[in-house]
Student: 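Have a look at this one before I ask anything.
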Amino acid sequence: MKNYMTFLLFALLTMQAFSQNYVGNWIGEITIPTGPLDIAFKIVKDGDVYASTMDIPKQGLNGGKADATVVNDTLITITFSSFGLEYKGRLNDKDELIGNLYKGGFPVALNLKRGDIVLNRPQEPKAPFDYYTEEISFNTFDDLTLQGTLSLPKKDGKFPVVIIISGSGPQNRDGEMFGHKPYLVIADDLTKNGIGVLRFDERGAGQSEGTYETSTIDEQSSDITSAMDFLRTRKDIHHKKIGLLGHSIGGIIAPKVASESTNVNFMVLLAAPGINGDILMLSQKAALERAMGINEMQIEQGQTLVKEAYDIVVNSNLDNQKLKDSINSFYKNKYGNMFPESQRTALVNQITTKEILSLLRSKPSDYLKAVKCPVLALNGDKDFQVPSKDNLSAIQSSIESNGNQNVTTVELENLNHLFQESTTGMSNEYAEIEQTIAPKVLELISNWVKEHTK
């Protein structure tokens, strides 16, 4: 009897330990109309509290934070309210999670095994590096601590430095998106070419404090100013050779900072907007729809419908609920049931986030006209998010209007918004393409920066 009780106690303890063995990296796959979609979860535990993140590389999601991770007996529930998703699963005797991913209450089978999504990214540099790197932190104007990496050609010396400013976020210091790390690749190339690089986790991303979703272009710009102030405290940085490299929305932030500071000595703009934010988003919508084969009549109807909401945003100082109410009332009074409430609500919620409001109300030309430093602006001719011709032209004319002739714009054939060599330029290619950034882009950037930091 004693042996039996000992065995039973051991079995119960083993079962309890097994039922709690959710910690780790998990991968699985669901099928959507465009094909298989890999999904990965990372589950950690601190004391009795679980936390999770989710990656969906093909859709550009990296480290999406769960609102709650709850283990109840043998069932784990992971909730992502911002995505409208919830995962529920149970461990089986093969150490697999068997469950469903719920969207709007509708279940899709998603079984998970331990492991990581492995993507072929030949350009991604791996440690140890043949240059000096240092983990750094600096404080923002509102006393948040942002974490990052400073890479320098050597530990000893005095070097020019580029600060990388990411696009729409939240982005970590590597700019992880669609399974790529473009800012890591750019930093590696620049540092090997004698240029230091500071890249950091944005508010609420990676190891940085704060919340990205509530930040505006003004606050993000002030974070870059704080990064510059930090660099100017260091003896290994050439204080007269600090430049900015902004990608996408980062290409609005860079000229804003440069227009307000004499400490920006040069600037590289990658797929940067040059036209007003509301016009940019309308042109982006039209370009994407044309690439998808939508007919011109439908495109024009969509332009009219969305422009009406954008006009309310741009021509008012309303924010949050009052702005939502104003747009909803306009559509209801003009279209009635012709514009279904569910579609109207989805549109209104999408365009009234802090980030989108800042973008819609942005006027890059106001900043570009005040830029006095040398500028290199690059864009791909298959960029549907920031169409190249109109934006490069606007960037050049705005900068030159103030007498600054030291501006170079280059449109690159067959490159998409991420500067990959692409077939269509559509976002569904981003994760499928193994190349992170075209080598000719890296060469253009490094050669231009070296020339302007002699």
Side-chain angles (χ1 to χ4, degrees), residues 160-169 171 175 182-183 185-187 189-190 195 197-199 217 220-221 224 227-228 242-261 263-277 279-280 283-284 358-359 362-383 385-402 404-412 415-419 437-438 440-453:
V161 172
V162 171
I163 301 173
I164 294 181
I165 311 172
S166 77
S168 56
Q171 296 284 343
Y183 305 151
V185 172
I186 292 172
D189 188 75
L190 280 170
I195 310 297
V197 177
L198 172 61
R199 51 196 170 87
I217 287 176
Q220 293 161 25
S221 299
I224 302 305
M228 292 173 60
I242 296 175
L244 306 178
L245 184 152
H247 176 245
S248 195
I249 291 178
I252 297 177
I253 295 169
K256 184 179 190 306
V257 174
S259 70
E260 298 167 351
S261 172
N263 294 324
V264 178
N265 303 112
F266 60 92
M267 186 166 60
V268 177
L269 302 178
L270 302 179
I275 59 180
N276 289 354
I279 299 172
L280 170 69
S283 67
Q284 176 188 111
S358 289
L359 177 57
S362 68
K363 295 182 178 181
S365 60
D366 289 351
Y367 312 135
L368 292 164
K369 289 176 181 177
V371 170
K372 301 295 186 183
C373 66
V375 178
L376 171 67
L378 307 178
N379 208 336
D381 69 353
K382 288 189 176 178
D383 185 344
Q385 292 176 251
V386 182
S388 56
K389 286 183 172 57
D390 289 346
N391 286 283
L392 286 175
S393 175
I395 288 170
Q396 182 155 0
S397 60
S398 294
I399 294 175
E400 290 181 344
S401 69
N402 70 18
N404 181 2
Q405 300 298 309
N406 199 345
V407 52
T408 302
T409 61
V410 183
E411 182 184 53
L412 297 152
L415 300 192
N416 61 22
H417 187 63
L418 301 186
F419 291 88
I437 184 168
K440 60 185 174 184
V441 174
L442 297 173
E443 185 178 6
L444 267 171
I445 294 170
S446 61
N447 286 345
W448 186 89
V449 173
K450 283 192 292 185
E451 177 65 26
H452 288 82
T453 54

Student: Hey, is the main chain of Val371 close enough, under 3.5 Å, to the side chain of Asn404 for a donor-acceptor pair?
Tutor: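 Judged by distance alone, yes, a pair lies under 3.5 Å.
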Student: On a heavy-atom basis, which atom in Leu376 and which in Ile445 lie closest, and how many Å separate them?
Tutor: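 Closest pair (atom of Leu376, atom of Ile445, distance): CD2-CA, 4.3 Å.
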Student: Could you pull out all residues at least two apart from Ser221 that satisfy side-chain contact (heavy atoms from CB on, under 4.5 Å)?
Tutor: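 Ser221: side-chain contact (heavy atoms from CB on, under 4.5 Å) contacts with Ile217, Ile253, Lys256, Val257.
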Student: Give me the ring orientation class for Tyr183 and His247: parallel if the planes are under 30° apart, tilted from 30 to 60°, perpendicular past 60°.
Tutor: perpendicular
Student: Evaluate whether atom CD of Glu260 has more than 12 neighbouring non-hydrogen atoms of other residues, nucleotides or ligands under 6.0 angstrom away.
Tutor: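 Correct, the count exceeds 12.
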Student: Just wondering, are more than 12 heavy atoms of other shown residues or ligands nearer than 6.0 Å to NZ in Lys363?
Tutor: no
Student: Answer yes or no: is there a donor N or O on one side and an acceptor on the other, between the side chain of Ser362 and the main chain of Pro364, under 3.5 Å?
Tutor: no
Student: Among residues at least two apart in sequence or on other chains, which ones pass side chain to side chain donor-acceptor pair (under 3.5 Å) with Gln171?
Tutor: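 Side chain to side chain donor-acceptor pair (under 3.5 Å) list for Gln171, sorted by chain: empty.
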Student: Check whether any side-chain N or O of Asn265 sits under 3.5 Å from a backbone N or O of Gly243 as a donor-acceptor pair, and report yes or no.
Tutor: no
Student: Is the backbone N or O of Met267 less than 3.5 Å from a side-chain atom of His452, with the two atoms forming a donor-acceptor pair by type?
Tutor: no
Student: Thr453 side chain to Val449 main-chain N or O, any donor-acceptor pair under 3.5 Å?
Tutor: yes
Student: Pick from Val375, Ile395, Asp366, Leu269: which one makes a side chain to side chain contact (heavy atoms under 4.5 Å, CB included) with Pro255?
Tutor: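 Among Val375, Ile395, Asp366, Leu269, the one that satisfies the side chain to side chain contact (heavy atoms under 4.5 Å, CB included) with Pro255 is Leu269.
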Student: Using the test side chain to side chain donor-acceptor pair (under 3.5 Å), find all partners of Lys450 that sit at least two apart in sequence or belong to another chain.
Tutor: Asn193
